[in-house]
Each structure stands twice: as structure tokens, then as C-alpha cells.
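In what follows, chains carry the letters A, B, and so on, assigned in the order in which the sequence lines appear, proteins first and then strands, with residues in each chain numbered from 1.
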Amino acid sequence: MMTDIASQTFLRFCETVQEIAESRGSLKKTQLFANYLKSLNKADDIDRAIRFAGEGAFSSVSGKRASIGARTVALCAAEFCEINYDIVFKACRTATGSASETIEKLMNNIPVAKSRRSPSALSLAQVEQLYIELEKERKRDTKQHLLIKAWEQMTPLEIKYFIRVMGQGSLRIGFEAKSIVNAAAKAFDQDPEDVRYAHMITGSLGEAATLAYMNRLHTATFTLFQPVAFMLASPIESRAIEDITHYIAEEKFDGMRCQLHAGADKVTLYSRDLNEITHSFPEVVDFFTPKKLPGIVLDGELCVFSDNTIKPFQLLQKRMGVKKPSKKMLEEFPVVFISYDILFADDKPLFGKTLVERRDILQEICKQYGIMRSRQFEVTSNEQVEDMFERAIAHGNEGLMLKHKDSTYEYGQRRKSWLKVKKPSGSIDTVIMYAHAGSGKRGGTYSDFTLGVSVKGDDRYEEEFIPIGKAYGGYTDEELKRLNKEMKKLIVDRFGPTYSLKPGLVVELEFDDIQVNKRTKAGYTLRFPRFKAIRWDLSPSDADTLMDVERMYNQKLHEERKPQSQHQSFIGN
Amino acid sequence: MLTYKLERNHGIILPKEEIGLDVSGDVAKHVFVSHAHADHLPRDRFIHVYASPATARLMRARGFKGDITELDFGKPVEFDHARVTLYPAGHILGSAMIGVESDQGHTLYTGDYKTPPSPVTEGFDCPKQVDYFITEATFPLPIYKWRHHDELFEEMREFAHKSLEEGYTPVFLCYNLGKAQEVMHGLAPLGITQQIHGAGFELCNIYREFGYNLGSYEAYDRKSVNDNRILITPSSSLEQPMIRNLRKKRVAYVSGWATHESRRTQLTIDKLFPLSDHIDFFELIDLCEKLNPKMVYITHTPNPRVVTHYLEQKGISSQPLNMEGFDDD
């Protein structure tokens, strides 16, 4: 095994990641990363490299963040390059569609930026230290200062990935957790299933890879108060079901997924991205703590529950992210935890047991300690599923979950094990504002669209239309062809692969939900927007307005929901 | 200020001088064509125009039937109200910038251009100083700064060589006139036969007539394309059987737009080569400074605001000249 000094540099990491971005096929990508991991040959560096590639500057379970906003980074870059932020930087970002890519190019091209940088081959450890300093610092000025100090020691490529890693998300190189796990297994000659399992129970890619490297995957053991990666559901539309009676049904609560760890004198809660959210929901903690539970982990849902009714997600949203909710908030929006799975009991992880077996254990514990749990329904036919679906909706739930009886608990999307049955929440007529060159099999055509609603005569805006969402699908190839043809007549501007269009094409847009989002121009975002129909028969003056969207949002919020007294979605209160 | 008239979706007319620049038809007494790309050619194919010798040759090959007076670079033609000189523009074979001297002063219209020039053009030259500079700005942002040809050619040869060695047919997606020949010129030293699709083949022969080395090439042939050949074809053919039926291939996209990472996934390709036949942002600003005009008019641009902003800082006045229709590069 080779160990050269350069292999621990951040630059080597970035070069590898860039090579992966430029390669096609997951096999090739995995091999490249495996070779790189092998060359590191040091547990600390393997941990860092894997974490940077798959999780971010900090491990997902650490709860730590560099916490520096996209705008701050962009402003900082504009200052570094001595360019005008509003005129120059924004235009460049629109053209590339990526702030980090824009910054990489500017750092490369602009003479003054070049002269300010003297790359010093920072090690992975040094870069980690930079992130730690950024995380500790609270003041924005000082954070900016730290950022500039960091960039002064980097190449443009390093700067691009330094920013992406800092974002704690995907590096956008077509290389996600599953491939990273495979690369670690390949690099250190381990069974990918073992690495995957270690990742699930430690919640940390870095730790799983380090254990793989040290040949100690068997020591990866589940410990209470350390979150486990969640099992996810696939939309039922995408799957063919052989025999629906192999599934059980549960109502899909209009809440937030949550993992609850409870021991003798401690209760912790984790969100789907494995962040600890215990302090946001003290009433849940107060409910569980006195029960003195014998060490269990539950998977379930947090919901606002009052008047014997499950309340809309929008109300729960008011509680999310609030570290210390006020007494008034606790009274107005009381939250409960409804369990539907159990992952640990009796000092043993239960992941390998089937759903039916886990359910039996869950039932027993819930009964004994008085814990709310979802109701399960046997499935006999498709028609019955439809009836159950309608009933769930009437009670304010999102739809149904179908879970395969023999399925074990595995993180990520496990094909047909869990399926969600949902109904689109609504649709609006929108105009196409921008067309973006498509990707993958739709390359060469303009297949991604930014859609807008009308704000004509709306005092809050000067424009006639503002964006409400982006959609990528829901049309046929024929429709897309026609759309591309019609679009050509409406082009007013081009920014690289993006066309700005005059309002002229109307699309009926379907979506799952409307959410408040203060960071957008409209103040709202749509969840999963997609084309329902291209309305050739309508003109832009027929488009729905932002006020229509607001009305729909409020309607949903105040929609009548049947109480639990008429039909129980869950048991135990 | 320069007195000019815009022709909708097409060229510019200088009415006092009775000159039309890349106009669509018989709309001025003297019509000049900067180069043979479709969006700069007259739509009326039977008028009389002035053009460089190579442009004249390419125009005829592309179906122009009118009368062409060939003008050599640097040799002015005199009219009642103006003296007009063509300067080599470095964009494609025959491409010219058009200099007009008149009572209004010295006006330079660039058409499409590039400096440093593409190696398969007559080079680049321009007057020392002008009063009015009408320039294209296809790449008007500081994210666009081209690397040197030789560097990119080297990488292209490596890409082609490696692909062939591993049993794949290298495919270069590039515009039929200009970019294709530039790429072929760059790949020529490999000594491998290049196949070029349909119309491109005829255009290559014209380049050869004018003395440019494109290496060994032949027209696309479905049967032999797998047989140690390099395929040159426009990106519009990506979804066509020609490329789709090639099972073992590595695809490179050659364009100024290859600067954008997003092109990689949008086109599903293996390699991006940001080789452009347009001037980049930095050269553009430098040239404006050198020519020190009273006014810069910006055309053929997705967005002129950034250029205007930089020129302002250099004390040069500029304004967008609103014309529609962009080059596809």
C-alpha cells in the first residue's frame, strides 16, 4: 500500500472528487474513491475524507455546522475578487447555476483574486480545523474574515469544494452515501453489507469507514442516544406490487418523522437528518421521562394534537427549529409522539427482525407504558386500500403507508418494503418564466422550467409574475417537443443554459403541499411541483395569482379535520 | 453618437454611408457580410454583397446565388460616403471585421471575432484606434476566460488517443462550420482518420483549398466509423442514430458553453472542452481599452450589463445595441 505525503492534502481530495464528477458510471466513480481511500492509509484522514465527501464538514450526528449563509459566502467572494456583487456576481451565478462553481471560476480568472491567493497544500486536518474555527465563531464579520484567510491558502478547485463541504449537503458529483459505502468496502476489503450496517447504526459514514479500515466492523454496536439512519418509503406509483395482502397499512400522519431514544432517566429526539431536536419538544420529553423506560428506540411521528384531532403540519412548522418554545406556544400547538416502529429493546437491536415481529414487541411495550402507536390495518384488496385512504385523508392525514410484513428495518429507500400512498394537495395555473437545458436522457432539450404566478396589481411587487417553483417532469415527449418549439418565440434573454421567456405558456402545476418559505420572493414554496397539463387553451392572463396560493394555503390550514373520536388513526391516548 | 439603424432580428444599417452590415437583404446600397454563419448571412440569396474571398467561397457552398465582390483583408474599397476595409476576425475561415471610415469617423463592426485568433483562420488584426466600436459579446462575464488552443488541443488528442486505445470511438460534438475544422486541425497530428458528418465534409474541403491542414478525413460512414476513426459531428446529432447506434463511444463537447459544469449532465457526455471561437470577457475589455472608442455598442449578447459596468470603470461609454438572435456557438 502506498502512502505519499500529498495524499493527505485537501487538494488531493478535491482532485479526486473532481475526477469522480467528470467520470460516468457508478462503478468507475466507486473505484476512483476506493483507490483514494486506500492511499490515505490513516484512520483520521479516512474519517475526514469520507465525511467531507458524504456528510459535510461535520458528521451528521454531531449536530455541528459551520453556519455561514450562502449570501455571506457570495458577498465574501465578491469582496475577495473585488467585483460588484449585484451587477457582476449575480449575473455569473445565474449563468452557471451554482455559486461555488462561479466562485471557482472567478478565483481562477480575476487577476486580483489570483494575486491574493498563495496555495499552501493544506492537509485534511488543517481544513477540518478551519471548519471548527468557523463553527465556534458567532460573529458574521469574524466568520467572513476566517473564510477569506482560508481561501488565501487555496486553489480555486479547493475553494469550490471547501464551500460545498461547508454546506453539509451533497457535493453534487453524482456520488452519494450508498456509493461511498461501497467505495469504503472495496478499499478495505470488507463486505459492503457490513459497512452499510455500521453506517446505519453509527449514523456516521466516517466511523463506518474507519472501522472498515481497522477491520473492526464487528465492533460497531448500537448504543442508545446515538441516532440510527432512517428507513424511507418509495412512492407507490413507482412500484409494481405483486400481492397487496403481503402489506399492512398505517395512516400517514401529517407530521414530522422522529426517532426517540429513551432510557431510565433520559429521553432524546432526533430528526430525519439525525439532528438532535430534544429541546424543541419538552412536552414529549416530559411525557416519556417519568415512565422510566428500560432503554428503547422508537421510530415515529411528531404531530400537533389538540381537540382530539391531528392538526396540520403547518402548525407543527411553527414549533420546528424553536429551541425553547414559550409556554404560549406549548399551549397553542401541543405536540405528541406517535410511534410506529421499534429498533431497540432489551439491550438488543431489532433491525434484523421482520415488521410483524417488531410490531409485536412494540405493541407490548406501548401497552405496558401507555405509549401512543399507529393503528395497523390488514390489507385485503386494492378497493379496501382506497377506502382506507379516503378515511385517512378525512382525518387530516396525508394518506397511507403500506409496509411489507416481512421487511427488516434498513436505512434508505429499500425498494418495495415501505410504500407511501399520497394525494396531490392541489394544482394551480402558472406561466413558464425560465427554461433550463435538461439533463440525462432529456439532454439537448429544454426540459426544466421555472414557473411563476401572477402578482399583477399586487402592491407588494413591481413585477407581473414571480417564480413559485421549478418542475422537471409530468409531460410527454411530444408535449416537450411542442413546448420547446413554442418557447423559441418567447425568448428574451439567455444566461448560459437558461432562457428567460416572455409570459406566454401556461402550465397547470400539481404539487403535494404549500409551505411558507420566507427566503423566496413569493414567500411560499410548493412541495414536489410537477406538470399536470400544459394549458394551450389558456393565456398568461388566466394564470393564478400569489393571492390564490395564499388562499389555498390558508384553506388547507383551516380545513375541517375529523376528530379521533370518529375513527382512530392511532391508539393510546 | 453614431447614426445607425437596426434591422429587426438581423443586421445594422449605416444610412449616411449607405452601408448594410450582415443585413437580411437588399436594404442598403452596399451590403457587407462578416462571415458565413447562418445568422449573419443575408436571407435573400440573390443580392450583391461584399465579403472576404473565403467567406465568398463558403457562402456559395451554403447556397448563396447572388453576386459577391471579394475584398482582400486590409485593402479598402472606396464609396461616395465611405471607405470600407476588412480586417481578419479570427472567428472562422474568412471571418472579417468591417471598418467604415466616413464623416462620422471610424466605425468598426466586429461580426463574430476572437483574439488570439483560431489557428484555422486568416488571423486577427484591427485598426489602432476607432471612434465607434460595434462588438459582439457572446461571453460577457468574467467566468469566461479561455485557455490557449495548444493546451486544449493537447488534451483533445490525449482524450481521442486514450479512447481509441481502450476500444471506444471518440466523438467530438462541435459546430459544423469553424469549430469542427478547428478541432480537426488540432487532432491532425495524431494521424488518425476523422469522419465528419454530411454538410461538414464539403466545408472541410474548402478549408483545405485555402491551405489549412485538417489531417486525414472522410465523410461519415456507418460501416467504418468503429474502425479506428474519430467522429466529428454537431451536438444536435446526439439523439440521432448516428451517435446512438455507436455502442462503445466517448463523447466530448467542444464549445465556449462547455465552461459550464452543468453541460456535463445536461448532455450526458464524458468530457467538456471549453474551446470557443468567440472573444472572451477579458480580451474584450482589453480590446475596448486599446481601441479607446467614443462609444462601444454591444450586440449579440445574452446580457450586456456586466460589460457596460466594466467599461464604465475604465471611462469608456457603452450601450447595448438591441438585436435578437444569438449564435449557437
Side-chain angles (χ1 to χ4, degrees), chain A residues 18 21-25 28 78 81-84 86-98 100-114 160 172-174 436-448 477 488-489 491-500, chain B residues 138-147 159 173 234-240 243-244 249-253 255-272 274 280-282 286 300-310 312-313 320 322 324-329:
Chain A
Q18 185 63 28
E22 290 176 15
S23 312
R24 275 171 56 192
K28 176 110 190 275
C81 299
E82 295 180 19
I83 61 170
N84 184 296
D86 285 307
I87 297 174
V88 184
F89 187 88
K90 280 185 175 172
C92 294
R93 187 179 50 200
T94 309
T96 61
S98 153
S100 53
E101 187 186 331
T102 299
I103 295 169
E104 177 193 25
K105 297 205 153 80
L106 295 174
M107 292 283 178
N108 221 340
N109 293 351
I110 294 189
V112 63
K114 238 185 223 172
K160 173 170 79 179
R172 286 176 273 148
I173 54 167
H436 314 272
S439 53
K441 70 182 168 91
R442 293 225 158 88
T445 53
Y446 287 77
S447 60
D448 303 354
D477 288 353
K488 294 253 156 69
K489 303 171 194 160
I491 294 169
V492 285
D493 224 340
R494 180 170 85 178
F495 317 90
T498 296
Y499 280 123
S500 162
Chain B
T138 307
F139 292 100
L141 301 170
I143 50 174
Y144 304 114
K145 186 179 167 79
W146 311 140
R147 290 161 57 205
F159 173 80
L173 300 178
S235 57
S236 53
S237 56
L238 198 53
E239 290 298 309
Q240 284 163 11
I243 295 190
R244 278 227 306 260
K249 59 177 178 265
R250 295 254 169 85
V251 183
Y253 174 62
S255 164
W257 300 115
T259 305
H260 297 258
E261 291 262 354
S262 55
R263 292 311 271 162
R264 189 186 310 286
T265 44
Q266 283 159 357
L267 294 170
T268 329
I269 46 142
D270 299 291
K271 189 83 186 162
L272 295 169
D280 75 22
F281 172 82
F282 295 89
D286 280 356
H300 291 82
T301 185
N303 119 23
R305 189 146 171 245
V306 176
V307 174
T308 300
H309 166 79
Y310 274 86
E312 213 167 81
Q313 290 183 341
N322 292 312
E324 288 182 34
F326 309 126
D327 196 357
D328 230 341
D329 195 64

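B:Thr259 and A:Lys105 make their closest contact through O-NZ, 2.8 Å (heavy atoms, listed as atom of the first residue, atom of the second, distance). A:Thr96 and B:His260 make their closest contact through CA-ND1, 3.5 Å (heavy atoms, listed as atom of the first residue, atom of the second, distance).
In terms of the side-chain hydrogen bond (donor to acceptor under 3.5 Å, both in side chains) criterion, residue partners of A:Gln18 (sequence neighbours excluded) are, by chain and number, A:Glu22, A:Lys160, A:Tyr161, B:Glu261. With sequence neighbours excluded, no residue satisfies salt bridge (charged side-chain N to carboxylate O under 4.0 Å, His left out) with A:Lys114.
If you take CZ on B:Phe281 and CD1 on A:Ile110, they are separated by 7.5 Å, rounding to the nearest 0.5 Å. In this structure, CG on B:Asp280 lies 8.0 Å from CG on A:Asn109, to the nearest 0.5 angstrom. A distance of 13.0 Å separates CZ in A:Arg93 from CG in B:Leu141, rounded to the nearest 0.5 Å. To the nearest 0.5 Å, atom CZ of residue A:Phe89 and atom CD1 of residue B:Ile143 are 10.0 Å apart. Between B:Ile269 atom CD1 and A:Arg24 atom CZ the span is 8.5 Å, to the nearest 0.5 Å.
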Can A:Asn108 and B:Lys145 be said to form a side-chain contact (heavy atoms from CB on, under 4.5 Å), step by step?
CA-CA 9 Å; A:Asn108 221 340; B:Lys145 186 179 167 79; over 6 Å; no

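A heavy-atom distance below 4.5 Å is found between the side chains of A:Ile83 and B:Tyr310.
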